[in-house]
Every structure is written in structure tokens, then in C-alpha cells.
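Counting convention: from 1, in listed order, for ligands and their atoms alike. Remember, predicted model here, so these are calculated numbers, not experimental data.
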Amino acid sequence: MKLADNKATLSFSNGSPSVELPVYQGSVGPDVVDIRKLYAQTGMFTYDPGFLSTASCQSAITYIDGDKGELLYRGYPIEQLATNCDFLETCHLLLYGNLPNAAGKAEFTKRVSNHTMVNEQMQFFLRGFRRDAHPMAIMTGLVGALSAFYHDSTDINNPEHREIAAIRLIAKMPTLVAMAYKYSVGQPFMYPKNNLSYAGNFMHMMFATPCEEYVVNPVIERALDRIFTLHADHEQNASTSTVRLCGSSGTNPFAAIAAGVACLWGPSHGGANEACLNMLEDIQKMGGISKVGEFMEKVKDKNSGVKLMGFGHRVYKNYDPRAKLMQETCKEVLTALGLENDPLFKLAMALEKIALEDDYFVQRKLYPNVDFYSGIVQRAIGIPVSLFTAIFALARTVGWIAQLNEMIGDPEYKIGRPRQLFTGSERRDVLPIAKR
Ligand code: SDX
């Protein structure tokens, strides 16, 4: 970042001395007012619950222009990455800042493939869960438990440890998600196969059984790979900020990523894809497209507490570019599977059309986000609804670890410790219980 030729002056109507605050600019996007010295100079904090106007860090990984509906990973538009690259190339880009050449891609792929197995002891953690445990409950536990197996790579300040932990996490997430799925259906775990692609290997671990050969469907393999790319990173969203704050204490990378998994689970964040599909199924049960108008009235009624899941975004005030690509992927997969008349897809398209013409949504700049179509395509592939967010976590792990490593690699980073506006009781003395 560089000092802008602009400064901010903060003045107070009560005659307190004004302060000058430096303004910094990045390579693109809004400038920032540096308030690091504000408390020392004024004895005051800034106040921004939800961080609507707060940059928590500087980063060179992902840039979103919410007004344009643009998403860049290390400068490359998501549309180009999703169509010209695969997920492992995107992982290399997010981690190291560049797209690999053929030799680099082969080397990176080999390294990831060689770390896809998990310690045999990991399977015993699953036995503690009920078979109907939510996969995100299992994933939060399993990812945190990984730190018990890799004492050789838990020093987050050691660059080699950070590097091998990144490879291990990217490599093992598909294995763990597939194990959570197999446990829920009472089938044996399938070991990874190094001769399959990243997405193909995940499909094999999910859907193969020891009883017969499993053939990867290339259309679904490509669609899954693209779904992973679309979910890989998204600047300082809630779960990424959680990983950064957790990692800032110096805890090990596995524990920090487990915190990200836990945060992603929320229905306002990564849990929205599961919530969106459940919403579509509920509307379908109510009568489908004929009931959309009634449903939309509920959404617009503040007291109903009903939201159009998969719509809206803190940053995008235009169409989420990932939603467009997800819709295309949806069409491709449904056609390949002969499901082009899938009623839920038709319902989602109808819902989108109505919402985009409705003043409530237009005024609030609410558009479909990444979660609106992702559930329909995953359901068509045969992935259970409850596993959708675990797959989001699988894909987002590379973004989380790239952001964590960027923070730890920044000499300026400190442990994150926000302050507060205190509105509770002032000092008072405890009375003996007889006098309370
Ligand atoms: C993800 O941050 C990221 O980058 C996240 C993510 C990533 O890749 O990491 O993109 C992934 O989490 C996508 C978002 C998935 N969540 C959902 O689809 C859940 C539904 N969406 C909403 O909960 C909401 O839009 C949020 C949480 C996504 C954003 O909330 P904001 O920015 O705090 O916006 P807001 O709630 O203040 O909304 C502004 C207005 C409000 O109405 P008013 O008070 O102004 O009258 O829009 C309304 C909201 O009530 N609104 C909605 C709505 N989303 C916002 N009304 C109905 N349905 C919705 N979906």
C-alpha cells in the first residue's frame, strides 16, 4: 500500500483538538483512512459493528468490485479461471500468486495427491458421532483433530510448516468430507486414488464402493471442479476473517481452519446453500411456481423473518459473477443427466426473474449470490443437502490458508484484539447476600 496525496482531518465540535489521519491507497478499490493512532491521539475508538466500513488488513489475494459484480483472484477474473483453469491451478494461484506452467502444475498436483490420505486413527473420531450428525459438526471436529497428527507442522511462524500444512489441508479436506458422507450412509470409507483428478478422486471417495469399479463421469467431474474454483476465496468474508483472527494468536493452521469451518456453517454465510435448497423444496411442496408470489410477500414482510436464501450480499450490489457461472454449470449438469426439466431449477429461475423485477429487491440491490444455484447442481450430482456446506468448506480451505499465510507472512501483523463501546454498569460494590 502507498501513502495517498490526500489526508483526513478529524475535527470535534466540542473543541477537542482535531487530528490528521493518513490516507493509504492500494492497487485498486477504495482508499483507507489509517486510524491506528486514533485512540492514542484522541482517547476514542471508531465504532463499526459488522465491519461495514472497516478494512481489517491489506491483502493481495482477492479483489471484489461489488458495484461491477467483478471477482478477481490475484487479478484474474473468475470467469476466465472457471473456464480456462482447473481447481488445483487456482489453488496454486491463490497460494503462490501465479498460475503454474505445465511442469509446475504437475509438481503441485503430485504433492497434493501424495497427501490425500489421513491417519488411520482419524476414522475412530467418526465413531463418536451419531450416524445422522450434521456433516459440518463432524468437519469442525475432524479438521481441528488434524492438529493432533502433525506436530511437525504446527508452528505457524515457520514458513515450511505453513507450506506443508497448506498442502495437507487442501489434500485432506475431500477425504474428510467423503468420510463424513460415507459414515452417514453406513458405507465403508473409500481410500483416495492418486491417479484420479482432485474432483474425480472426491467423486470416487464419495460414490464408489468396494463392490464394483467406479467410473468418474467427466461432465460431473468438470462441474465439481468448477464449483470448487467458484468457492475458493472471497476476500475478508466472515469465515476468512475468523481464520485470520484465530490464526493471529499464533495457534496452529489446523485449529485456525477449524474455526473457519465453524463460522462458514451459519445460514447467513456458507450454510445458505443448504438453506436455499430447503427453501426451494418448501415452495415446491406448497405448490411450486404458483406459490412464489405468496412466498415473496412473506420475504418482504419484515416481521416474517423469512429471507430469500441465496440472495443478497454485503459486497455485491450487482449480480454475483459466481452465481452466473453456477447457473451455467447447473444447466450443463442437468442436461447431461437428462434432468433439464428439473422442477427446482425451473422454480429457482422463476424466483430469480420475479425478484429481479420486484422493487423491494431492486431498491436494496439484492441479486442471486453464489449459494442460489449451487445447491441445485450438487443435488443433481447426488450430493445430500446436508453436505453442501461441507463442500463449500472443502473448496474454501485454499482461500482460508492463503489468507492466513499472507497474514502471518506480513511483518506488520499483530494479534487481533478489537475494543468496544461499553454500555453496562459502572463500578459498584458487591452487597452481602443478606442485603441483596
Ligand atoms: C456467502 O461475505 C462473503 O463474501 C460471503 C460469501 C463468500 O463467498 O464467502 O459470498 C458467501 O455467505 C454468500 C451470502 C449467503 N447468504 C445468504 O444467501 C443468506 C441471505 N442473505 C442475507 O442474509 C444477506 O443478504 C447477507 C447476510 C448475505 C448480507 O447481509 P447484509 O449485508 O448485512 O445486508 P442486510 O442484511 O443489511 O440487507 C440489507 C437489506 C435489509 O433490508 P432493510 O433493513 O434495508 O429494509 O436487504 C434485506 C435486509 O432485510 N435483505 C434481504 C435479503 N438480504 C438482505 N431481504 C430478503 N432476502 C434476503 N436474502
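In this structure, Arg74 is not positioned above the aromatic face of Tyr76 in the sense of NZ or CZ being under 6.0 Å from the six-membered ring centre and within 45° of the axis. Remark: Arg131 is positioned above the aromatic ring of Tyr183, its terminal NZ or CZ atom under 6.0 angstrom from the ring centre and at most 45 degrees off the axis.
Among all non-hydrogen protein atoms, the one lying nearest atom 16 (N) of ligand 1 is Ser268 O, 3.0 Å. Regarding atom 4 (O) of ligand 1, its nearest protein heavy-atom neighbour is His234 ND1, 2.6 Å. What sits closest to atom 14 (C) of ligand 1 on the protein, heavy atoms only, is Asn369 ND2, 3.5 Å. Regarding atom 15 (C) of ligand 1, its nearest protein heavy-atom neighbour is Asp371 OD2, 3.2 Å. The protein heavy atom nearest to atom 23 (O) of ligand 1 is Lys307 CD, 3.5 Å. Ala272 CB, 3.4 Å is the protein heavy atom nearest to atom 17 (C) of ligand 1. In this structure, atom 20 (C) of ligand 1 lies nearest to the protein heavy atom Phe311 O, 3.4 Å. Here the protein heavy atom with the shortest distance to atom 11 (C) of ligand 1 is His269 ND1, 3.8 Å.
Residue contacts with ligand 1 for Leu366 involve side-chain atoms from C-beta outward but no N, CA, C or O (heavy atoms, distance under 4.0 Å). Neither the backbone nor the side chain of His231 has a heavy atom within less than 4.0 Å of ligand 1. Heavy atoms of Arg396 found under 4.0 angstrom from ligand 1 belong exclusively to the side chain. At a 4.0 Å heavy-atom cut-off, ligand 1 touches Tyr360 through the side chain alone.
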How far apart are the C-alpha atoms of His231 and Phe388, what are their side-chain angles, what is the distance that settles it, and do they pass the ring-ring contact (aromatic ring centres under 6.0 Å, His included) test? CA-CA 12 Å; His231 287 85; Phe388 290 175; over 10 Å; no
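With hydrogens and angles ignored, the 3.5 Å screen pairs a side-chain donor or acceptor of Ser241 with a backbone N or O of Gln236. Side-chain atoms of Asn369 do not come within 3.5 Å of backbone N or O of Tyr367 as any donor-acceptor pair. When atom types are taken as modelled, the side chain of Arg396 and the backbone of Leu264 share no donor-acceptor pair closer than 3.5 angstrom. Remark: side-chain polar atoms of Tyr373 are not paired, donor with acceptor, to backbone N or O of Lys331 under 3.5 angstrom.
Within ligand 1, counting atoms from 1 as listed, the ones closer than 4.0 Å to a heavy atom of Leu308 are 57 (C), 58 (N), 59 (C), 60 (N). Short contacts between ligand 1 and Val299, defined as distances under 4.0 Å to a heavy atom of the residue, involve ligand atoms 57 (C). Here is the list of ligand 1 atoms found below 4.0 Å of a heavy atom in Gly310: 17 (C), 18 (O). Close contacts between ligand 1 and Asn237 involve ligand atoms 2 (O), 3 (C), 4 (O), 5 (C), 9 (O) [criterion: under 4.0 Å to a heavy atom].
Phe207 and Tyr181 have perpendicular rings, their planes meeting at more than 60° on a 0 to 90° scale where under 30° would count as parallel. Ring pair Tyr198/Phe228 is perpendicular by interplanar angle, where above 60° counts as perpendicular and below 30° as parallel.
For atom 19 (C) of ligand 1, the choice among Lys298, Gln363, Met309 with the nearest heavy atom turns out to be Met309. For atom 3 (C) of ligand 1, the nearest non-hydrogen atom from the set Arg314, His313, Met279 belongs to His313. Here the shortest heavy-atom distance to atom 42 (O) of ligand 1, taken over Met296, Arg364, Lys300, belongs to Arg364.
Within the 4.5 Å cutoff, no side-chain heavy atoms of Gln123 are placed close to those of Val118.
By the definition of a contact as any protein heavy atom under 4.0 Å away, atom 26 (C) of ligand 1 is not in contact. Not a single protein heavy atom sits closer than 4.0 Å to atom 37 (O) of ligand 1. Protein heavy atoms all stay at least 4.0 Å away from atom 34 (O) of ligand 1.
Around CZ of Phe125, the count of heavy atoms belonging to other residues, nucleotides or ligands within 6.0 Å exceeds 12. Within a 6.0 Å sphere centred on CZ of Phe51, other residues, nucleotides and ligands contribute 12 heavy atoms or fewer. Counting heavy atoms of neighbouring residues, nucleotides and ligands inside a 6.0 Å radius, atom CE of Met44 exceeds 12 of them.
A salt bridge is absent between Glu294 and Lys298: the closest approach of a Lys/Arg side-chain nitrogen to an acidic carboxylate oxygen does not fall below 4.0 angstrom.
Heavy atoms of Lys302 come nearer than 4.0 angstrom to ligand 1 in at least one pair.
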